Amino acid sequence: MLNPNLEDIQLTKDEYERYSRHLILPEVGLDGQKRLKEAKVLCIGTGGLGSPLLLYLAAAGVGTIGIVDFDIVDRSNLQRQIIHGTSWVNKPKIESAKSRILEINPACQVNLYETRLMSDNALEIIEPYDIVVDGTDNFPTRYLVNDACVLLDKPNVYGSIFRFEGQATVFNYQGGPNYRDLYPEPPPPGMVPSCAEGGVLGVLCGIIGTIQATETVKIILGQGNTLSGRLMLYNALDMTFRELKLRPNPERPVIEKLIDYEQFCGIPQAKAEEEKQKMALPEMTVTELKQLMDSGADDFVLVDVRNPNEYDIAKIDGSVLVPLPDIERGDGVEKVKELLNGHRLIAHCKMGGRSAKALAILKDAGIEGTNVKGGITAWSQEVDSSIPTY
Ligand SMILES: Nc1ncnc2c1ncn2[C@@H]1O[C@H](COP(=O)(O)OP(=O)(O)OP(=O)(O)O)[C@@H](O)[C@H]1O
């Protein structure tokens with residue numbers, strides 16, 4: 001429970017009316033609404049999770065809300081990032097979120113931090129707040145938020161989402177476990193695909209984000225049992241909730257200072273490896289591919305290594321689908337061999353990363369090929385604008 005001096009906090013007449021359905025709940029009541037009014041909550045990320053949780057925190061009467069994000073609203077965000085509207089596309093997410101929050105609750109003090117949360121700004125940004133809510137989507141930031149909250153002794157309300165499944169819990173609350181008890185080591189880079197790669201059901205964000213908002217409100221009020229020590233696992237397809245027990249690991253290293261979290265998660269090393277892999281492969285631009293196709297040459301096969309549903313969304317005419325997972329399993333390598341039958345191989349994917357991976361595997365199997373730089377995204381931007389980007 002947050003413990004401001006309740007006698008110093010007054011509700012206005014408008015607030016009595018606005019929060020009347022809270023005030024008549026004995027678990028909230030006048031004191032609870034005053035605690036909400038005095039509370040300072042920092043939301044990191046105003047994407048899929050940040051959107052619903054900010055809407056509910058603002059509506060619930062949280063007096064001060066901080067928002068950290070560096071991104072602009074993309075059209076592909078609108079399917080789930082419901083705080084942002086169409087007119088905000090290409091504009092800063094934090095500005096969009098603030099305007100919507102003030103529309104819901106003009107009395108809310110909204111502090112904006114248009115920056116990436118990093119080791120050199122995290123402590124300063126987080127310090128003035130009572131509770132931190134993590135609505136981000138990457139491992140370095142999650143470890144950073146965790147460690148900063150441990151150092152500053154702030155509860156960290158955590159959520160994550162992927163495809164149809166989500167997780168939520170409360171870290172670092174009243175001596176409870178933190179993120180490093182759940183994940184002592186980061187996964188190898190690229191092991192866990194992002195929502196941009198694997199997709200996500202829009203309404204899943206609503207479920208997990210509102211669980212985070214609920215936990216935040218409960219911590220402020222000091223009511224109920226929080227998710228501290230319990231990891232909630234939700235599956236939208238089965239409509240099931242499961243729980244895992246979490247305990248502080250006695251062997252967990254003591255966090256003494258913030259570190260380089262990109263390095264900790266192996267990101268620069270993985271990027272260098274990917275670059276090296278790409279450099280070792282012959283490449284061609286989409287314009288060169290177009291010229292080759294227009295020349296009537298028939299000595300090559302264009303292999304698309306994306307997933308079948310991506311191929312249904314958009315494809316380059318004449319390409320043949322052999323998904324990367326099939327190539328990784330081995331049967332795709334055989335399929336490519338059959339397709340080539342003496343022709344040369346050109347491969348593409350969405351942006352050029354997966355096709356580089358596929359070509360490296362094929363090279364080990366004795367098949368040389370050329371990678372299309374920028375994939376079908378570059379094709380859509382530079383050659384054929386009738387092809388949708390996704
Ligand atoms: N270190 C960070 N500091 C501030 N904001 C962050 C940080 N890391 C991630 N975010 C923000 O967290 C949000 C995560 O939300 P989400 O994954 O739904 O959005 P997205 O990145 O727009 O999605 P997509 O990858 O599909 O385009 C994003 O708005 C992103 O900019």
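Atoms within each ligand, like the ligands themselves, are counted from 1 in listed order. Just so you know, these numbers use all the heavy atoms, side chains as well, and skip hydrogens, waters and symmetry mates. These figures come from a predicted structure and were not determined experimentally.
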Students should be able to answer this: which protein heavy-atom is nearest to [atom], and at what distance?
atom	result
atom 20 (P) of ligand 1	Gln81 NE2, 3.7 Å
atom 6 (C) of ligand 1	Phe70 CE2, 3.5 Å
atom 1 (N) of ligand 1	Thr141 OG1, 3.0 Å
atom 22 (O) of ligand 1	Lys93 NZ, 2.8 Å
atom 24 (P) of ligand 1	Arg80 NH2, 3.5 Å
atom 12 (O) of ligand 1	Gly45 CA, 3.4 Å
atom 15 (O) of ligand 1	Gly47 CA, 3.4 Å
atom 25 (O) of ligand 1	Ala196 CB, 3.7 Å

- Query: Cut-off 3.5 Å, side chains only: do Thr12 and Asp14 have a donor facing an acceptor?
  - Reply: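 Side chains of Thr12 and Asp14: no pair found under 3.5 Å.
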
- Message: Under a plain distance cut-off of 3.5 Å, with no hydrogens placed, do Tyr173 and Asn156 share a side-chain donor-acceptor pair?
- Response: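 Checked: Asn156/Tyr173 side chains show no N/O donor-acceptor pair below 3.5 Å.
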
- Task: Please determine if Glu15 and Arg18 form a salt bridge, counting it only when a charged side-chain N lies under 4.0 Å from a carboxylate O.
- Result: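 No.
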
- Any Cys195 heavy atom less than 4.0 Å from ligand 1: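 Per 4.0 Å heavy-atom rule, Cys195 does not contact ligand 1.
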
- Item | Sub-4.0 Å heavy-atom approach of Asn138 to ligand 1 |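 It does; at least one heavy atom falls under 4.0 Å.
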
Please say whether the positively charged group of [X], taken as NZ for Lys or CZ for Arg, lies over the ring of [Y], i.e. under 6.0 angstrom from the six-membered ring centre and within 45 degrees of the axis.
X	Y	answer
Arg116	Phe70	yes
Lys315	Tyr311	yes
Arg230	Phe171	no

- Item | Thr136 and ligand 1 - part of the residue with a heavy-atom distance under 4.0 Å |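 Within the 4.0 Å criterion, Thr136 contacts ligand 1 through backbone and side-chain atoms alike.
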
- Inter-residue atom distance Ile346.CD1 - Asp299.CG, 0.5 Å rounding: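 Between atom CD1 of Ile346 and atom CG of Asp299 there are 8.0 Å.
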
- Query: So if you build clusters from Ile, Leu, Val, Met, Phe, Trp, Tyr with side-chain heavy-atom gaps below 4.5 Å, do Ile161 and Leu233 land together?
  - Reply: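 Each belongs to a different hydrophobic cluster.
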
- Query: Out of curiosity, does Leu144 fall in the hydrophobic cluster containing Tyr129 (side-chain heavy atoms, cut-off under 4.5 Å, transitive links)?
  - Reply: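 Yes; Leu144 is reachable from Tyr129 via cluster members.
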
- Indicate the atoms forming the closest heavy-atom contact of Val200 with Gln79, along with that distance.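 Of all heavy-atom pairs spanning Val200 and Gln79, the closest is O-NE2, 2.9 Å.
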
Going by the atom numbers of ligand 1, which of them fall below 4.0 Å from some non-hydrogen atom of [X]?
X	answer
Val68	4 (C), 5 (N)
Gly48	15 (O), 16 (P), 18 (O)
Thr115	4 (C)
Asn77	22 (O), 27 (O)

- Message: Before you tell me yes or no, could you show the steps for Tyr143 and Phe139 under ring pair (Phe, Tyr, Trp, His ring centres under 6.0 Å), namely the whole-Å CA-CA distance, both residues' side-chain angles and the distance that decides it to 0.1 Å?
- Response: CA-CA 6 Å; Tyr143 280 101; Phe139 290 99; 7.1 Å; no

- Does an N or O anywhere in Ser76 fall below 3.5 Å from an N or O of ligand 1?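 By distance alone, the answer is no.
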
- When you measure from atom 11 (C) of ligand 1 to each heavy atom in Asp137, Asp69, Ile125, Leu144, which option holds the nearest one?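 Among Asp137, Asp69, Ile125, Leu144, the closest heavy atom to atom 11 (C) of ligand 1 belongs to Asp69.
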
- Query: Heavy-atom distance to atom 3 (N) of ligand 1: which of Val200, Leu117, Asn121, Ile94 wins?
  - Reply: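 It is Leu117 whose heavy atom sits nearest to atom 3 (N) of ligand 1.
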
